[in-house]
Amino acid sequence: MSIEQAYNFKVIDLKTTSSGVISAEQLQQLSNLNYQWVINLLPSDSEYATADEQQLVEDQKIAYRHIPVDFAKPTGTDYEKFSLAMQQAGGKKTHIHCAANYRASAFFAIYAYQNLNWTTAQAKEHIESLWQPADYPNWLALLKEMIDGYQ
């Protein structure tokens with residue numbers, strides 16, 4: 001099974017992809033696809049977490065950042081850690097994931113709005129192509145705080 005078959009897999013641009021749950025088998029294929037970074041936003045105690053993910057990734061000489069984000073309580077601090085990881089990735093081929101690509105899509109949209117000149121409409125479209133933050137008040141509040149005009 002390839003990474004493209006991961007739950008809610010999305011190609012963002014030539015160097016960035018995101019998804020929900022990713023299996024050990026999919027993780028082990030990342031170096032063959034020239035990935036250089038993995039950012040995992042899923043808490044380790046999640047039922048969807050892959051055991052030994054960091055080791056599987058780092059064994060392929062791929063940089064790994066784990067930023068566990070509580071889906072019920074996302075914070076600006078969580079996002080700041082994500083933003084730093086994206087800056088450290090420096091445009092290298094990166095895969096961002098969580099359980100359903102909700103955390104990943106929201107954080108990437110904020111990052112793109114703040115750093116890549118995305119408009120509010122582009123950020124909103126990116127997120128809402130996968131899920132509806134309006135159904136999750138804590139996420140909607142964070143998005144409104146971080147993206148001017150987000151409704």
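When the options Ile39, Ile127, Leu116 are evaluated for a side-chain contact (heavy atoms from CB on, under 4.5 Å) with Phe108, the one that passes is Leu116.
Grouping the Ile, Leu, Val, Met, Phe, Trp and Tyr side chains by contacts below 4.5 angstrom, directly or via other members, places Ile110 with Tyr102. Cluster annotation: Leu142 is connected to Met86 through the hydrophobic network of ILVMFWY side chains, with a link wherever side-chain heavy atoms come within less than 4.5 Å. In this structure, Leu140 is a member of the same hydrophobic cluster as Met146, with clusters built from ILVMFWY side-chain heavy atoms closer than 4.5 Å. In the hydrophobic clustering of this structure, Trp37 does not group with Leu42; members are Ile, Leu, Val, Met, Phe, Trp, Tyr whose side-chain heavy atoms approach within less than 4.5 Å, directly or through other members. Connection of Ile12 to Tyr35 is not established within any shared hydrophobic cluster, with ILVMFWY side chains joined at heavy-atom distances below 4.5 Å, either directly or through further cluster members.
Considering every non-hydrogen atom in both Ala63 and Val57, the closest pair reads O-CG1, 4.1 Å. Scanning all heavy atoms of the two residues, the minimum distance from Ala100 to Asn8 falls at O-ND2, 2.8 Å. Of all heavy-atom pairs spanning Lys124 and Gln151, the tightest one is NZ-O, 2.6 Å. Of all heavy-atom pairs between Gln114 and Tyr79, the closest is OE1-OH, 3.2 Å. Considering every non-hydrogen atom in both Ser129 and His126, the closest pair reads OG-O, 2.8 Å. For the pair Ser44 and His66, the tightest heavy-atom approach, listed with the atom from each and the gap, is OG-CE1, 3.0 Å.
With rounding to the nearest 0.5 Å, the separation of CG in Leu30 from OG in Ser2 is 10.5 Å. Going from atom CD1 of Ile22 over to atom OH of Tyr7 covers 15.0 Å, rounded to the nearest 0.5 Å. Here the straight-line distance linking atom CD1 of Ile3 with atom CG of Leu27 works out to 7.5 Å at 0.5 Å rounding. Going from atom CD of Gln60 over to atom CG of Asn32 covers 7.5 Å, rounded to the nearest 0.5 Å.
Between Thr17 and Lys10 the shortest side-chain heavy-atom distance does not fall below 4.5 Å. Between Thr94 and Ile96, some side-chain heavy-atom pair lies under the 4.5 Å cut-off. Glu53 has its side chain within reach of Val38: a pair of non-hydrogen atoms, C-beta onward, lies under 4.5 Å apart. Side-chain atoms of Arg65 and Asn40, non-hydrogen and from C-beta on, never get closer than 4.5 Å to each other. Put simply, the side chain of Asp148 reaches to within 4.5 Å of the side chain of Tyr113, judged on heavy atoms.
Using a 3.5 Å distance cut-off with no hydrogens or angles, the side chains of Glu25 and Ser23 do not pair a donor with an acceptor. Ser83 and Gln87 are linked by a side-chain donor-acceptor pair at a separation below 3.5 angstrom, with hydrogens and angles left out of the test. With hydrogens and angles left out, the side-chain atoms of His97 and Ser19 include no donor and acceptor closer than 3.5 Å. A donor and an acceptor atom, one from each side chain of Asn101 and Ser18, are located under 3.5 Å apart.
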Show the atom names and distances, to 0.1 Å, of all donor-acceptor pairs under 3.5 Å that link a side chain in residues 69-76 to residues at least two apart or in another chain.
{"from": "Asp70", "atom 1": "OD1", "to": "Ala72", "atom 2": "N", "distance (Å)": "3.0"}
{"from": "Thr75", "atom 1": "OG1", "to": "Thr77", "atom 2": "N", "distance (Å)": "3.4"}
{"from": "Thr75", "atom 1": "OG1", "to": "Asp78", "atom 2": "N", "distance (Å)": "3.0"}
{"from": "Thr75", "atom 1": "OG1", "to": "Asp78", "atom 2": "OD1", "distance (Å)": "3.4"}
{"from": "Thr75", "atom 1": "OG1", "to": "Asp78", "atom 2": "OD2", "distance (Å)": "3.1"}

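Taking the side chain to side chain donor-acceptor pair (under 3.5 Å) definition, one finds that Gln29 meets it with nothing, sequence neighbours left out.
For Thr16 (side chain) and Val11 (main-chain N/O), no donor-acceptor pair under 3.5 Å exists by modelled atom type. Side chain of Gln36 to main chain of Ile62: no donor-acceptor pair is present (N/O by atom type, distance under 3.5 Å, no hydrogens or angles). Panel note: side chain Glu58, backbone Gln55; no donor-acceptor pair is recorded below 3.5 Å.
Between Phe82 and Phe107, the ring planes are tilted. Angles from 30° to 60° get that label.
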**Request:** Carefully, step by step, assess Gln26 and Gln5 under the rule side-chain contact (heavy atoms from CB on, under 4.5 Å).
**Result:** CA-CA 9 Å; Gln26 291 163 328; Gln5 294 170 307; 4.2 Å; yes
**Asked** Going through the checks in order, is the side-chain contact (heavy atoms from CB on, under 4.5 Å) test met by Ser31 and Lys61?
**Response** CA-CA 8 Å; Ser31 64; Lys61 308 293 187 237; over 6 Å; no
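Residue pairs satisfying the side-chain hydrogen bond (donor to acceptor under 3.5 Å, both in side chains) criterion with at least one member in residues 130-139, sequence neighbours excluded, are listed as follows: Ser105-Trp131.
Residue Asp52 places its CG atom among 12 or fewer non-hydrogen atoms of other residues, nucleotides or ligands, all under 6.0 Å distant.
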